[in-house]
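Reading through the structure tokens given below for one structure.
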Amino acid sequence: MFVLVEMVDTVRTTPWQFERKLNDSIAEELNKKLANKVVYNVGLCICLFDITKLEDSYIFPGDGASHTKVHFRYVVFHPFLDEILMGKIKGCSPEGVHVSLGFFDDIVIPPESLQQPAKFDEAEQVWVWEYETEEGAHDLYMDIGEDIRFRVVDETFIDTSPTGPSSADASSSTDTVETQRKEAPYTLVGSISEPGLGLLSWWTNN
């Protein structure tokens, strides 16, 4: 679920931080820049693990700050495909069941990846597994806040960095930018279509 990623960046240290240890100042700046941010095709950055190398620092004309090229390792949330995760149901919609890990919310389990047969209850706004037993079908509701175990089956990265509009698209640029802003930069797709996956209460009560 969590991996160590080697990264390189140039960190700017302001003059009023010169009295501090350079490692401490750089660690603080790296966490300000990366913590809780999604790096494209890398994952959700959590925190700095360590600094492996500091190159020479430079001060450029007109800028009193120092600039240091830093080699470091960062803790990143990036589960591998087929990994089993535990989360809580954040909500349901016709698009599927939305799951939260507490620190990461962009997880969806689409209808075709639910335990089947499943149906969406429009009145309650929840998905229901029509569980077949010898006595007949029982409706098992996927209520908000329930613990859920799921398998990661896909992931999607979207580059949400701003881009300037071309002259041909200037008239529709505002709508396009607004649409891009609403897209999550990193989304996981889950599945609970196999035995042992789904709400913990299903398997502990049966």
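Here the structure is a predicted model, which means the values were calculated and not measured.
- To the nearest 0.5 Å, the span separating NE2 on H67 from CG on D56 amounts to 14.5 Å.
- Using a 4.5 Å cut-off on side-chain heavy atoms (C-beta onward), L199 and L140 make no contact.
- The aromatic rings of H78 and F157 lie perpendicular to each other, with more than 60° between the two planes, well past the 30° mark.
- Considering L85, I109, L188 in turn, I109 is the only one that fulfils the side-chain contact (heavy atoms from CB on, under 4.5 Å) rule with V99.
- The two atoms that bring P111 and E95 nearest to each other are CD-O, 3.2 Å, heavy atoms only.
- Enclosure of atom CD in E112 by more than 12 non-hydrogen atoms of other residues, nucleotides or ligands within 6.0 angstrom is indicated.
- For the pair N31 (side chain) and L48 (backbone), a donor-acceptor distance under 3.5 Å is present.
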(request) Just do the side chain to side chain contact (heavy atoms under 4.5 Å, CB included) check on F120 and C92 with the steps written out, would you? (result) CA-CA 9 Å; F120 184 66; C92 295; 4.1 Å; yes
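- Minimum interatomic distance between I84 and R149 (heavy atoms only, all atoms of both residues): CG2-CG, 3.4 Å.
- F2 pairs by the ring pair (Phe, Tyr, Trp, His ring centres under 6.0 Å) definition with F77, F103, not counting sequence neighbours.
- K88 NZ to E146 CD: the interatomic distance, rounded to the nearest 0.5 Å, is 8.5 Å.
- Annotation: side chain of D121 is not in contact with side chain of D139 (no heavy-atom distance under 4.5 Å).
- No donor-acceptor distance shorter than 3.5 angstrom exists from the side chain of Q116 to the backbone of S193, with no hydrogens or angles considered.
- Residues V38 and V152 share a single hydrophobic cluster, defined by chaining ILVMFWY side chains whose heavy atoms lie under 4.5 Å apart.
- With values rounded to the nearest 0.5 angstrom, I144 atom CD1 is found 9.0 Å from Q125 atom CD.
- Ring pair W129/Y131 is perpendicular by interplanar angle, where above 60° counts as perpendicular and below 30° as parallel.
- Annotation: side chain of V70 is not in contact with side chain of T10 (no heavy-atom distance under 4.5 Å).
- Atoms CD and OG, from E19 and S25 in turn, are 9.0 Å apart once rounded to the nearest 0.5 Å.
- Transitive grouping of hydrophobic side chains (ILVMFWY, heavy atoms separated by less than 4.5 Å) keeps V75 and I26 in distinct clusters.
- Between L44 and N36, the closest side-chain pair of non-hydrogen atoms falls below 4.5 Å.
- F72 is listed as a side-chain neighbour of L34, based on a closest heavy-atom distance under 4.5 Å.
- Using a 4.0 Å cut-off between charged side-chain N and carboxylate O, K69 and D9 make no salt bridge.
- Side-chain heavy atoms closer than 4.5 Å link hydrophobic residues (I, L, V, M, F, W, Y) into clusters, and following such links, even through other members, never connects L54 to F49.
- Criterion: ILVMFWY side-chain heavy atoms under 4.5 Å apart, direct or through other members. Under it, V153 and F150 are not part of a common hydrophobic cluster.
- In terms of the salt bridge (Lys or Arg N to Asp or Glu O under 4.0 Å) criterion, D143 has no residue partners (sequence neighbours excluded).
- Using a 4.0 Å cut-off between a side-chain N of Lys or Arg and a carboxylate O of Asp or Glu, R151 and E194 qualify as a salt bridge.
- A 4.5 Å side-chain heavy-atom check between M142 and L114 finds at least one atom pair inside the cut-off.
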(request) With side chain to side chain donor-acceptor pair (under 3.5 Å) as the test, would you mind laying out the steps for T68 and S57 before giving the verdict? (result) CA-CA 4 Å; T68 309; S57 299; 2.5 Å; yes
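- Side-chain contact between M1 and E83: present, with at least one pair of heavy atoms (C-beta onward) separated by less than 4.5 Å.
- Q17 and T14 share a donor-acceptor pair across their side chains, judged by distance under 3.5 Å alone.
- In this structure, W127 CH2 and S93 OG are separated by 8.5 Å, a value rounded to the nearest 0.5 Å.
- Listed for the D50 side chain is no donor-acceptor partner under 3.5 Å among the backbone atoms of T52.
- Residues that satisfy the ring pair (Phe, Tyr, Trp, His ring centres under 6.0 Å) test with H98, not counting sequence neighbours, are absent from this structure.
- The two residues Y74 and L30 make their nearest non-hydrogen contact at OH-O, 3.8 Å.
- Looking at D105 and S100, their side chains do bring a donor and an acceptor atom within 3.5 Å of each other.
- A salt bridge does not link K33 to E29: none of the charged nitrogens lies less than 4.0 Å from a carboxylate oxygen.
- A distance of 8.5 Å separates CG of D24 from CD1 of I51, quoted to the nearest 0.5 Å.
- Closest approach of V8 and H71 over heavy atoms only: CG2-ND1, 3.4 Å.
- Shortest non-hydrogen contact noted between M7 and C45 is CE-SG, 4.1 Å.
- Minimum heavy-atom separation, P110 to G190: CD-O, 3.5 Å.
- The shortest side-chain heavy-atom distance between S191 and L197 does not fall under the 4.5 Å cut-off.
- Residues Y186 and F104 bring their aromatic ring centres within 6.0 Å.
- Side-chain heavy atoms closer than 4.5 Å link hydrophobic residues (I, L, V, M, F, W, Y) into clusters, and following such links, even through other members, never connects L81 to V108.
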